[in-house]
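Proteins come first, then strands; the chains are lettered A, B, ... in the order of their sequence lines, and each starts at number 1. All values below were derived from every heavy atom in this structure, side-chain atoms included, with hydrogens, water molecules and symmetry-related copies excluded.
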Amino acid sequence: MTKTRVRFAPSPTGFLHIGGLRTALYNYLFARHTGGDCILRIEDTDQNREVEGAAQNLIDTLHYMGIDFDESPLKPGKHGPYIQSERLDLYHKYANYLLDAGHAYYCFCSSETLQQMREEQQAKGEFVKYDRRCLNLSTAEIENNLAAGIPYVIRLRMPDDRIFAFEDEVRGHVEMNSFQSDDQVLIKSDGFPTYHLAAIIDDHFMKISHVIRGEEWLSSTPKHIWLYECFGWEPPIWVHLPLILNPDRSKLSKRMNDVSVESYLNKGYLKEALLNFVALLGWHPADDRELYSLDELCESFSLERVNKSGAVFDLTKLDWMNRHYLRTLPLEVIAERAASWFQPQDIVDQSRYHKIIAAARERSTLLPDLAEYARMFFASDPISDDNIEIVSSDDSRKVLAWFKEQIKDISAEDAEKILEITKTGIKELGIKGKAFYMPLRIALLGQPHGPDLPTIISILGVEESCRRIEHYL
RNA sequence: GACCCCUUCGUCUAUCGGUAAGGACUCAAGAUUUUCAUUCUUGCAAGAGGGGUUCGAUUCCCCUAGGGGUCGCCA
């Protein structure tokens with residue numbers, strides 16, 4: 001079998017979104033799993049929608065996520081260029097071939113004409129498609145129009161009544177009648193190709209073996225197959241992925257959701273969680289395993305286990321996964337990624353900062369939660385009246401005074417000693433554990449919840465601990 | 001509207017004709033814990049409907065319904 005080659009081919013019209021990430025990921029996983037190549041191709045054929053800097057942003061985000069390509073605009077291979085706007089000559093060459101072979105024709109209809117035509121068809125309840133009024137233009141007419149500089153497009157001439165059948169790796173046998181397929185525009189009036197022409201030509205010359213893309217492309221596949229036939233090329237294996245859905249089960253969209261990968265990263269989701277989560281949206285291993293690193297995914301992934309039906313993008317499970325990775329990734333990694341949410345002065349003392357992260361990660365979902373949790377160690381937020389009441393009772397003061405005396409000369413790192421002190425404290429003062437810990441926690445942290453005492457003191461240090469206690473004496 | 005795709009707990013899913021339909025998230029209850037968080041246990045919760053085929057269907061076929069996608073000089 002020849003080497004598998006797949007591609008992720010986004011158009012630079014905005015940020016990478018969740019659906020794009022999943023498509024890129026599956027392409028990547030399939031390539032890695034089969035020892036093939038994964039290619040990144042930029043499809044910038046729509047001059048109007050192109051967003052400045054979007055291509056670079058896409059590349060950066062993908063790279064950050066750990067999805068790397070064997071060939072890309074930044075890492076050209078033998079089949080470049082990898083940006084479609086740099087391949088215009090190629091598209092024209094093959095458009096001309098189609099024209100000569102009678103598989104394509106010039107169309108001089110203006111957009112107004114087209115719009116009117118569609119409205120009429122719609123009014124009559126007809127299937128809306130190009131009525132081919134330019135199909136039978138004489139050579140002379142075409143020459144004249146061309147000479148007169150009338151804007152034109154080149155359309156593909158679809159067969160009239162033909163069943164296009166193909167085997168889709170995830171959907172199995174699919175059939176569609178060509179009368180549903182419009183005479184697709186191949187070359188636009190600005191001279192740029194449409195997706196349909198450019199992708200087929202590129203996929204062929206880049207030797208793509210599997211086209212792995214979203215289900216929204218399923219219905220245009222007959223056009224693509226026809227194009228392959230016209231050129232006499234071998235089509236790739238088709239793989240149409242189920243869509244990722246909004247909670248209302250419509251196609252995941254910006255309108256309803258935040259869908260850019262960057263926005264999730266900015267909210268403090270970890271790439272490991274995002275990748276793991278998105279991998280499971282449409283693919284599932286044979287067993288019950290749910291936690292996968294990128295490498296493990298590469299090992300386990302297979303097209304056979306890709307699902308057919310769409311999957312709702314559900315934040316609660318993503319949150320759970322993020323909590324998992326927040327707790328299990330190396331501490332230094334979490335500390336580093338969380339740093340931007342902290343005040344610069346708060347992370348100067350790295351050892352202390354790490355202790356704080358260690359305590360906070362057990363109780364957080366997102367990266368910024370870490371900083372929020374850490375406030376108790378830095379800031380002096382106002383204390384609630386209830387808490388002041390608790391901490392200023394006579395009994396509480398007794399605890400505070402006694403405890404301060406006990407710890408003032410010990411090492412903040414001596415957890416065992418601190419534990420021992422608390423035990424004797426409860427015994428000596430003859431009180432319940434709660435009456436012992438509550439006032440201490442309020443005095444030390446400003447509120448009754450938080451890590452265990454040894455951890456608090458280790459973070460605060462003996463001096464600061466005593467100072468905070470004294471405040472309430 | 002036409003065509004195509006899809007249909008198991010609220011969500012992600014397992015099941016390759018024979019299961020008490022399993023797991024995970026969420027939620028609830030309980031246990032553990034000085035608090036918070038963790039952890040553990042238990043529980044709630046599903047085969048869209050109707051026909052077939054079969055000794056036996058969630059699984060295969062058909063119909064219906066529902067949902068989605070596509071119908072651009074956007075990808």
_By side-chain hydrogen bond (donor to acceptor under 3.5 Å, both in side chains) - contacts of D319(A) (at least two apart)_ = Y269(A)

*Does G68(B) have OP1 or OP2 sitting under 4.0 Å from an N or O in the side chain of S309(A)?*
no

*Evaluate whether the aromatic ring of Y437(A) and the six-membered ring of the U34(B) base sit under 5.5 Å apart, centre to centre, with an inclination under 30°.*
yes

*Taking the inter-plane angle between the rings of Y94(A) and F205(A) on a 0 to 90° scale, is it parallel (under 30°), tilted (30 to 60°) or perpendicular (over 60°)?*
tilted

_S110(A) and T113(A): side chain donor to acceptor below 3.5 Å_ = yes

*Taking atom C1' in both C40(B) and U32(B), what distance in whole Å separates the two?*
8 Å

*Could you verify whether a donor N or O on one side chain and an acceptor N or O on the other, from D314(A) and T316(A), lie under 3.5 Å apart?*
yes

_Proximity to the side chain of V174(A) - top-ranked nucleotide from U34(B), C36(B), C5(B)_ = C5(B)

*Under 4.0 Å between a side-chain N or O of K188(A) and OP1 or OP2 of A75(B)?*
yes

*Taking the side chain of R441(A) as heavy atoms from C-beta outward, which of C6(B), A75(B), U35(B) is closest to it?*
U35(B)

_S250(A) and D248(A) side chains, donor-acceptor separation under 3.5 Å_ = yes

*Between U11(B) and U70(B), how far apart are the C1' atoms? Round to whole Å, please.*
26 Å

*Just jot down the side chain to side chain contact (heavy atoms under 4.5 Å, CB included) partners of I431(A), sequence neighbours excluded, or say none.*
V399(A), L429(A), A435(A), F436(A)

*Looking just at side-chain N and O atoms, do S260(A) and E262(A) make a donor-acceptor pair shorter than 3.5 Å?*
no

*Just call it for T422(A): base, sugar-phosphate, or nothing, with non-hydrogen atoms closer than 4.0 Å on any strand.*
nothing

Show the distances under 3.5 angstrom between N or O atoms of the protein and N or O atoms of nucleotides 62-65 of chain B.
none

_Side chain of T316(A) - closest among C6(B), C25(B), C4(B)_ = C25(B)

*If you look at every strand shown and take non-hydrogen atoms under 4.0 Å, does G282(A) touch a base, only sugar-phosphate, or nothing?*
sugar-phosphate

_Over-ring placement of R305(A) relative to F301(A), 6.0 Å and 45° cut-offs_ = no

Strictly under 3.5 Å: I want the nitrogen or oxygen pairs between protein and nucleotides 37-45 of chain B, one per line.
{"from": "A37(B)", "atom 1": "O2'", "to": "E362(A)", "atom 2": "O", "distance (Å)": "2.2"}

_Nearest to the side chain of W320(A), heavy atoms from C-beta on, is which of U13(B), C73(B), A24(B)?_
A24(B)

*Within the structure shown, what part of the strands sits under 4.0 Å from A286(A) by heavy-atom distance: base, sugar-phosphate, or nothing?*
sugar-phosphate

All N/O contacts under 3.5 Å from nucleotides 69-72 of chain B to the protein, with atom names and distances to one decimal?
{"from": "G69(B)", "atom 1": "OP1", "to": "K251(A)", "atom 2": "N", "distance (Å)": "3.0"}
{"from": "U70(B)", "atom 1": "OP1", "to": "K251(A)", "atom 2": "NZ", "distance (Å)": "3.1"}
{"from": "U70(B)", "atom 1": "O4'", "to": "S219(A)", "atom 2": "OG", "distance (Å)": "3.2"}
{"from": "U70(B)", "atom 1": "O2'", "to": "S219(A)", "atom 2": "OG", "distance (Å)": "3.2"}
{"from": "C71(B)", "atom 1": "O2'", "to": "V128(A)", "atom 2": "O", "distance (Å)": "3.2"}

*When you measure from every atom of RNA chain B, which of residues 385-400 of chain A have a heavy atom less than 4.0 Å away?*
none

*Does the side chain of N307(A) get closer than 4.0 angstrom to OP1 or OP2 of U13(B) through an N or O atom?*
yes

*May I ask you to decide if the ring planes of W217(A) and Y195(A) are parallel, tilted or perpendicular, using 30° and 60° as cut-offs?*
parallel

